[in-house]
Amino acid sequence: MSEKLQTRCVIVGGGPAGMMAGYLLARAGVPMAVLEKHADFNRDFRGDTIHPSTLELMHELGLLDEFLKQPHQEVRELRAVVNGQVVPVADFTSLPTRCKFIAFMPQWDFLNFLSSHAKQFPTFQLRTESEVVDLLIENSRVVGVRAKTPRGELEVRADLVIGADGRHSIIQARAGLERREFGVPIDALWMRISKKQDDPEQSFGFFQHGKLLVLLDRGGYWQCGFVIPKGGFDEIKERGLPQFQNDIVSFARFLRDRVTELNDWSKIKLLTVQINRLRDWCREGLLCIGDSAHAMSPVGGVGINLAIQDAVATANLLAEKLRSGAVSVNDLRKVQARREWPTRLIQGLQVFIHRRVVTGRASGRRNSLPFVLRLLKWFPILRQLPARFIGVGPRPEHFRSPTAV
Ligand SMILES: Cc1cc2nc3c(=O)[nH]c(=O)nc-3n(C[C@H](O)[C@H](O)[C@H](O)COP(=O)(O)OP(=O)(O)OC[C@H]3O[C@@H](n4cnc5c(N)ncnc54)[C@H](O)[C@@H]3O)c2cc1C
């Protein structure tokens, strides 16, 4: 059975970029649909950070008070444990934003919140279990998408397709957009270990001799991200599970009484880390935003913020025109022009951090702190710089798109 739908804008992917763009376009009265391949937002492979700049947007949208009623943790200072030494890395308390903290909240709660508010707008549609498999192209213009659903095929025709389908984007691949890859020397292993009441507070991460363990507090358990050299998972498997468990404990000793929960490799998922960027983020009828236009590394925990900023710029620049009809490729290029340099800057910093900090080349002596971290330890005022980079980012966007009357 096949279903056909006609709308003004179809957004592929219900992640931070897609849901924020969907919310803002629907708020502006643009007829639109978000197609998400999963049945819900409950997936593990997501960061949990809601940045001060995103919280500022929530305030501008009048949603902040309600948003902060959701269970979350407010982190005003990020600390890292580097070769056994605690180093304060970022101090958010002097940011020029209403909320001077990062809110840690499971991303599915954030996306459910956005979706429940977006559903109040009559032009909003979220179609879950709708996996886009192809673009519809006529006379070189993208005119819609084809998706697989449990009920059969779905064809959506639209004046604009927004690719917000993340770092394995089918949209950018089918559109033939040229992509530049930046070498990344790391991958991440992703797993859960249960949490106890007297565990230490969440920190930025545990660094040791070029290795890194990140623990995200998800209430009843720690979501663990263990950074490994790219392609190194097979070697880790060959050394065996007990050795791997020891590695984890050597970073966070308080996990030693439960690290054996990781008793099967199926509980440990490999996430490949990439940094790449499209040369052109758009063509006639199509725009890519978020990781679909520029895949981000987890370093710095800034990819979600950047994806949301792209969505806000998209709505600011396109909503008014989309309300009355199609947008030209020149309109779409304005989104890239606005968002490209912040993306370049952040990706450049991520590549630098991969090379100098995460892979440990910055420090000569085994137990010494990299010079940059020593500076942060000695001069507290310098911690405002990483706070600005992580919490707000370059060129923060503000809500300017119209609101439907
Ligand atoms: C291991 C890891 C940890 C990270 N941790 C953090 C962090 O703590 N903080 C941070 O800011 N960033 C983090 N990042 C980066 C961050 O995850 C991304 O930059 C961010 O999620 C990008 O948002 P997005 O909306 O563009 O894409 P995504 O979040 O990837 O969302 C894409 C959505 O599209 C859907 N989709 C995909 N294909 C299709 C299709 N064909 N049809 C329909 N739907 C589709 C997916 O199901 C998904 O819901 C991390 C990245 C990795 C790899």
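Ligands are counted one by one from 1 in listed order, and the atoms in each one are counted from 1 as well. Start at 1 with the first residue, then count along the sequence.
Geometrically, K269 does not engage W190 in a cation-pi contact defined by less than 6.0 Å to the ring centre and at most 45° from the axis.
When only interatomic distances are considered, the shortest N/O to N/O separation between H38 and ligand 1 falls below 3.5 Å. Between K37 and ligand 1, at least one N/O pair is under 3.5 Å apart. Looking at W190 next to ligand 1, no N or O pair under 3.5 Å apart turns up. Of the N or O atoms in T49, one or more lie within a sub-3.5 Å distance of an N or O in ligand 1. Below 3.5 Å of separation, one finds no N or O of G290 facing any N or O of ligand 1. At under 3.5 Å, a nitrogen or oxygen of A17, whether backbone or side chain, sits near a nitrogen or oxygen of ligand 1.
When P298, G18, G300, P16 are checked for heavy-atom proximity to atom 4 (C) of ligand 1, P298 turns out nearest.
Relative ring orientation between W265 and F233 is described as perpendicular, the plane-to-plane angle rising above 60° on a 0-90° scale split at 30° and 60°. By the 30° and 60° cut-offs, the orientation of the rings of F206 relative to F254 is tilted.
For ligand 1 and G301, the ligand atoms under 4.0 Å from any heavy atom of the residue are 7 (C), 9 (N), 10 (C), 11 (O). Counting atoms of ligand 1 from 1 in the listed order, those under 4.0 Å from a heavy atom of R167 are 53 (C). Near V302, meaning under 4.0 Å from any of its heavy atoms, are these atoms of ligand 1: 10 (C), 11 (O). Those atoms of ligand 1 that come under 4.0 Å of a heavy atom in A307, given as number and element, are 22 (C), 23 (O), 26 (O). Every atom of ligand 1 is numbered from 1 in the order shown, and the set under 4.0 Å from a heavy atom of G13 is 33 (C), 34 (O), 35 (C), 44 (N). Atoms of ligand 1 lying under 4.0 Å from at least one heavy atom of H51, given by number and element, are 11 (O). Atoms of ligand 1 lying under 4.0 Å from at least one heavy atom of L35, given by number and element, are 43 (C), 44 (N). If you number the atoms of ligand 1 from 1 as listed, the ones under 4.0 Å from a heavy atom of G303 come out as 10 (C), 11 (O), 12 (N), 19 (O).
Not a single heavy atom of G225 sits under 4.0 Å from any atom of ligand 1. Ligand 1 has at least one atom lying under 4.0 Å from a heavy atom of S130. Distances shorter than 4.0 angstrom do not occur between any heavy atom of V273 and any atom of ligand 1.
When atom types are taken as modelled, the side chain of Q107 and the backbone of D48 share no donor-acceptor pair closer than 3.5 angstrom.
Looking only at side-chain heavy atoms (C-beta outward), F389 and L345 stay at 4.5 Å or farther from each other.
Applying the side-chain hydrogen bond (donor to acceptor under 3.5 Å, both in side chains) test between H72 and each of E74, Q70, K69 identifies E74 as the sole match. Of the options R76, E77, R383, a side chain to side chain contact (heavy atoms under 4.5 Å, CB included) to T93 is made by R76 and by none of the others.
Using a 4.0 Å cut-off between charged nitrogen and carboxylate oxygen, K100 and D91 do not count as a salt-bridge pair.
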